[in-house]
Amino acid sequence: MNKFLEKIKRGTNEIISIKELENKLKSGKKLRVKLGVDPTMPDLHLGHTVLINKLKTFQDLGHQAVFLIGDFTARIGDPSGRTETRSLLTVDQVKTNIKTYTKQVFKILDRKKTEIAYNSKWLENLGVTGLLNLAAKSTVAQMLVRNDFEKRYKKDESISIIEFLYPLLQAYDSVALNADVELGGNDQKFNLLFGRQIQKDYGIKDAQIVIIMPLLEGTDGIKKMSKSYNNCISLNDSSKDMFGKIMSISDSTMYRYYELLTNLDLNMIKNMHPKAAKKLLAEEIVKRYYGAKESLKALKEFDRIFIKRDIPENIEKCTMENVTLKLSDILIKSTMVSSKNEARRLIQQGAVKIDSQKIKDDIIINVHREFVLQVGKRKFKKITHQ
RNA sequence: GGGGGUGUGGCAGAGUGGUCUAAUGCACCAGACUGUAAAUCUGGCGGGCUUGUCCCUUCGGUGGUCCAAAUCCAUCCGCCCCCA
């Protein structure tokens with residue numbers, strides 16, 4: 001029992017309340033564990049998987065994972081952590097997002113053991129009366145307690161009524177699903193607790209336990225992982241990119257990733273050489289999304305390019321029309337740079353290599369034979385003529 | 001309906017007539033260093049060529065004033081707040 005609890009506790013910020021959780025676990029009941037995700041973005045990144053991993057932990061312990069797709073709420077947009085009102089999504093956008101989400105989620109969760117729910121099922125039928133009944137259970141003051149709302153209100157920024165409705169709807173999901181546990185990120189704390197309150201209002205005595213996970217830092221190791229900060233490792237990234245990005249995080253961030261993204265023993269990891277540990281982490285994570293084979297390939301490729309400073313195995317070919325061309329023109333024609341000025345700059349800075357030979361001037365090149373053109377450490381193209 | 005505010009490069013944010021391709025920070029790119037990194041340091045971060053104290057194009061849109069406009073005026077558009 002304690003071992004189970006330890007697993008659940010790993011990496012969590014807060015569990016409200018731990019006592020209730022212990023009791024529920026002791027009762028031997030198969031707990032309904034809710035994780036709600038709004039399909040608002042085209043794809044998921046590693047930050048999102050922190051919660052999915054936690055849900056997987058419950059699933060592995062024999063509990064019922066309930067993956068809730070907020071197809072209805074996605075159209076409103078969760079104001080959590082936002083500093084501005086977000087624009088509404090169309091039904092079509094939501095639909096395509098759902099597809100990519102589920103595809104990615106079931107690389108982690110066991111599809112057969114997972115209950116998938118869509119909140120449009122009950123929210124669409126709630127009607128104005130239902131909505132009013134729900135809204136009657138809260139007050140404006142209560143909403144304004146919320147940090148992000150309070151800030152925006154004080155700063156004379158707009159808050160849409162629809163945003164007030166959001167926590168109510170999320171809470172109602174917990175009623176509809178009869179959740180025993182709800183998982184959420186740190187920014188979700190208010191909404192999660194609100195779910196507890198509303199459940200009680202609707203006569204559920206044994207209200208949901210709230211498990212709050214930290215938000216995963218992005219590749220910069222400081223800010224939370226988010227597209228807008230440009231510090232994401234997306235599940236859509238190629239195996240090579242994913243591997244490379246993980247290798248580029250700092251050592252301290254690496255341990256964080258271990259804690260939140262894997263189930264590996266942390267003591268063991270801390271005893272490893274950091275470089276080896278980081279490689280293992282990258283391998284583990286890439287393996288999860290691309291399989292062992294691809295993962296090994298990515299590892300080898302990384303060694304080749306960054307450690308041995310060698311040329312990658314498969315390089316995209318690019319055919320030139322003319323035989324003689326300026327180096328800067330070749331760089332543009334092969335789409336390795338976007339402007340001539342940029343090409344000139346990079347050449348001056350010593351970033352451009354032909355067959356591993358640094359070229360420092362914008363010389364004229366004869367494309368008689370095939371050669372490998374390199375820009376920086378990671379961009380390679382094979383240049384040929386006809 | 002009335003009053004006020006605001007719109008600057010990927011983001012944040014200076015700049016209120018010439019010295020503005022526009023400070024600064026972040027992000028990004030390259031080089032050096034290294035255990036791949038991170039940190040640090042250096043250079044860069046509109047476009048073009050004839051590489052120059054060169055040319056062209058940017059400060060919500062349009063039109064105007066002026067030798068000269070991100071900066072002034074007019075007008076339009078967007079966003080925000082307050083009062084009713």
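Chain letters run A, B, ... following the sequence lines, proteins first and then strands; every chain starts at 1.
- If you check rU19(B) for Watson-Crick or wobble pairing at under 3.5 angstrom, you find it has no partner at all.
- Across all strands shown, the partner of rC28(B) is rG44(B), judged by Watson-Crick or G-U wobble contacts whose two distances both fall under 3.5 Å.
- Centroid-to-centroid, the aromatic rings of Y118(A) and F72(A) stay 6.0 Å apart or farther.
- Residue contacts for K358(A): at a heavy-atom cut-off of 4.0 Å it reaches the sugar-phosphate backbone alone, with no base atom in range.
- Shown are E182(A), Q197(A), Q199(A), R196(A); of these, the side-chain hydrogen bond (donor to acceptor under 3.5 Å, both in side chains) with S174(A) is made only by E182(A).
- Shown here, rU6(B) forms a base pair with rG78(B); the pair counts as Watson-Crick or G-U wobble because both key distances fall under 3.5 Å.
- Side-chain nitrogen and oxygen atoms of K377(A) include none within less than 4.0 Å of the OP1 or OP2 phosphate oxygen of rU34(B).
- Only S339(A), K340(A), N341(A), R344(A), R345(A), L346(A), Q349(A), G350(A), listed by number, bring a heavy atom of residues 335-350 of chain A to less than 4.0 angstrom from any atom of RNA chain B.
- Distance noted for atom C1' between rG31(B) and rC80(B): 45 Å (whole Å).
- If you check the side chains of S120(A) and E124(A), you find no donor sitting under 3.5 Å from an acceptor.
- For T12(A) and K54(A), the side-chain atoms include no donor-acceptor pair closer than 3.5 Å.
- In this structure, R378(A) reaches neither bases nor backbone, as no heavy-atom distance under 4.0 Å exists between it and the strands shown.
- In this structure, rG1(B) and rC83(B) make a Watson-Crick or G-U wobble pair, each of the two defining distances being under 3.5 angstrom.
- At least one side-chain nitrogen or oxygen of K275(A) sits closer than 4.0 Å to the OP1 or OP2 atom of rU36(B).
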